[in-house]
Amino acid sequence: MELIQGTPDLSACLAAGEAIDHGHPVVRETAAHLAKGVVDSHDYARAAYEFVRDAIPHAQDSGDPRVTWRASDVLRQRTGICHARAHALAALLRAEGIPAALCCQRLTRDAGGGHVAHGLVAVWFDGTWHRQDPRGNKPGVDAQFSLTGERLAFVPDPKSSEVDYPVLYAEPHPAVLAALKAAPDRPRLWKSLPDALRVRGGRR
């Protein structure tokens, strides 16, 4: 699949925003800690990815009802669903000058039927984008940082109407961000997350 950079200017994928708030002291301190002892930007990106994947429990896996959406809150409260974790990883990457974008898949829900938008991160290295999934591993899920072939948590099944969305976003998709900001807790967030995303030209 060819990834589509939604914003032509790569600098947009380095900018700080409401959700990817890498100017926040918590993000800066975490990035500085992770940067200690790394050899280069590739090693830092791997360290940041593994930190979010392994050190921050996925809210569904841990049973945490709290909803986070700002990168700084994810890092401070140590909880978040896939989209929030993607915001945290993007912030840590951007904090060290590594372009990062947000992207999504449409997957079947774990329970209850239907579909849900699943959040990923794309990192820019060697003139191209590489998707990474920091959702957190568990039995049956073994995502790894990779620049030589995707090692994501999930591979969409077209027969189940699952989709890889090719568009890369500099900021969170508005429908996803609105659901995260409005939800009082995670159980109710599951009811409001979009089951599909509108992409270029209003297509699904």
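FYI, the numbering just counts along the sequence from 1.
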Rounded distance [0.5 Å steps], [atom1] in [X] versus [atom2] in [Y]:
{"X": "W190", "Y": "R109", "atom1": "CH2", "atom2": "CZ", "value": "8.0 Å"}
{"X": "L180", "Y": "S192", "atom1": "CG", "atom2": "OG", "value": "8.0 Å"}
{"X": "S41", "Y": "E96", "atom1": "OG", "atom2": "CD", "value": "10.0 Å"}
{"X": "L14", "Y": "R94", "atom1": "CG", "atom2": "CZ", "value": "7.0 Å"}
{"X": "R66", "Y": "L189", "atom1": "CZ", "atom2": "CG", "value": "14.0 Å"}

Please evaluate residues I56 and R85 with respect to the criterion side chain to side chain contact (heavy atoms under 4.5 Å, CB included), reporting the C-alpha separation (whole Å), side-chain torsions for both, the decisive distance (0.1 Å), and the verdict.
CA-CA 8 Å; I56 301 174; R85 299 161 69 84; 3.8 Å; yes
Please say yes or no: joined through hydrophobic side-chain contacts below 4.5 Å, possibly via intermediate residues, are [X] and [Y] part of one cluster?
{"X": "L147", "Y": "F51", "value": "yes"}
{"X": "M1", "Y": "W129", "value": "yes"}
{"X": "I98", "Y": "F145", "value": "yes"}
{"X": "L152", "Y": "L197", "value": "no"}
{"X": "W124", "Y": "L89", "value": "no"}

For residues [X] and [Y], determine if any side-chain heavy atom of one lies less than 4.5 Å from a side-chain heavy atom of the other.
{"X": "S146", "Y": "H130", "answer": "no"}
{"X": "P99", "Y": "V123", "answer": "no"}
{"X": "R188", "Y": "R186", "answer": "no"}
{"X": "P174", "Y": "Y169", "answer": "no"}
{"X": "P57", "Y": "T79", "answer": "no"}
{"X": "V67", "Y": "I81", "answer": "no"}

When you measure from the side chain of [X] to the backbone N and O of [Y], does any donor-acceptor pair fall under 3.5 Å?
{"X": "D133", "Y": "L120", "answer": "no"}
{"X": "Q5", "Y": "T7", "answer": "yes"}
{"X": "H83", "Y": "W69", "answer": "no"}

What verdict does the side chain to side chain contact (heavy atoms under 4.5 Å, CB included) test give for L93 and Y49, after you've listed the backbone C-alpha separation in whole Å, the side-chain angles of each residue and the deciding distance to 0.1 Å?
CA-CA 9 Å; L93 293 169; Y49 168 85; over 6 Å; no
What pair of heavy atoms forms the shortest contact from [X] to [Y], and how long is it?
{"X": "P8", "Y": "G6", "answer": "CD-O, 3.9 Å"}
{"X": "A196", "Y": "R106", "answer": "CB-NE, 3.8 Å"}
{"X": "G80", "Y": "A84", "answer": "CA-CB, 4.0 Å"}
{"X": "H87", "Y": "A19", "answer": "ND1-CB, 3.8 Å"}
{"X": "L92", "Y": "A48", "answer": "CB-CB, 4.2 Å"}
{"X": "L168", "Y": "C103", "answer": "CD2-CB, 3.6 Å"}

Apply side-chain hydrogen bond (donor to acceptor under 3.5 Å, both in side chains) to residues D64 and S62 and explain how you reach the verdict.
CA-CA 5 Å; D64 195 325; S62 66; 4.8 Å; no
Can a salt bridge be assigned to the pair D43 and R46 using a cut-off of 4.0 Å between side-chain N and carboxylate O?
no
Basic-acidic side-chain contact under 4.0 Å: D164, R131:
yes
List, one per line, each side-chain donor-acceptor pair under 3.5 Å for residues 23-34, sequence neighbours excluded.
unit_1 : atom_1 : unit_2 : atom_2 : d
H24    : ND1    : V26    : N      : 3.0
R28    : NH1    : A95    : O      : 3.2
T30    : OG1    : V26    : O      : 2.7

Evaluate the side chain to side chain contact (heavy atoms under 4.5 Å, CB included) criterion for residues Q105 and E162: first the C-alpha distance (whole Å), next the side-chain angles of each, then the deciding distance (0.1 Å), finally the verdict.
CA-CA 7 Å; Q105 297 172 321; E162 297 182 340; over 6 Å; no
Take Q144 and R53, measure what side-chain hydrogen bond (donor to acceptor under 3.5 Å, both in side chains) needs, and give me the verdict at the end.
CA-CA 9 Å; Q144 302 293 330; R53 185 194 65 185; 3.1 Å; yes
Under 6.0 Å between ring centres: does that hold for F154 and H118?
yes
Can you list the steps and then say if V52 with V121 is a side chain to side chain contact (heavy atoms under 4.5 Å, CB included)?
CA-CA 12 Å; V52 175; V121 172; over 6 Å; no
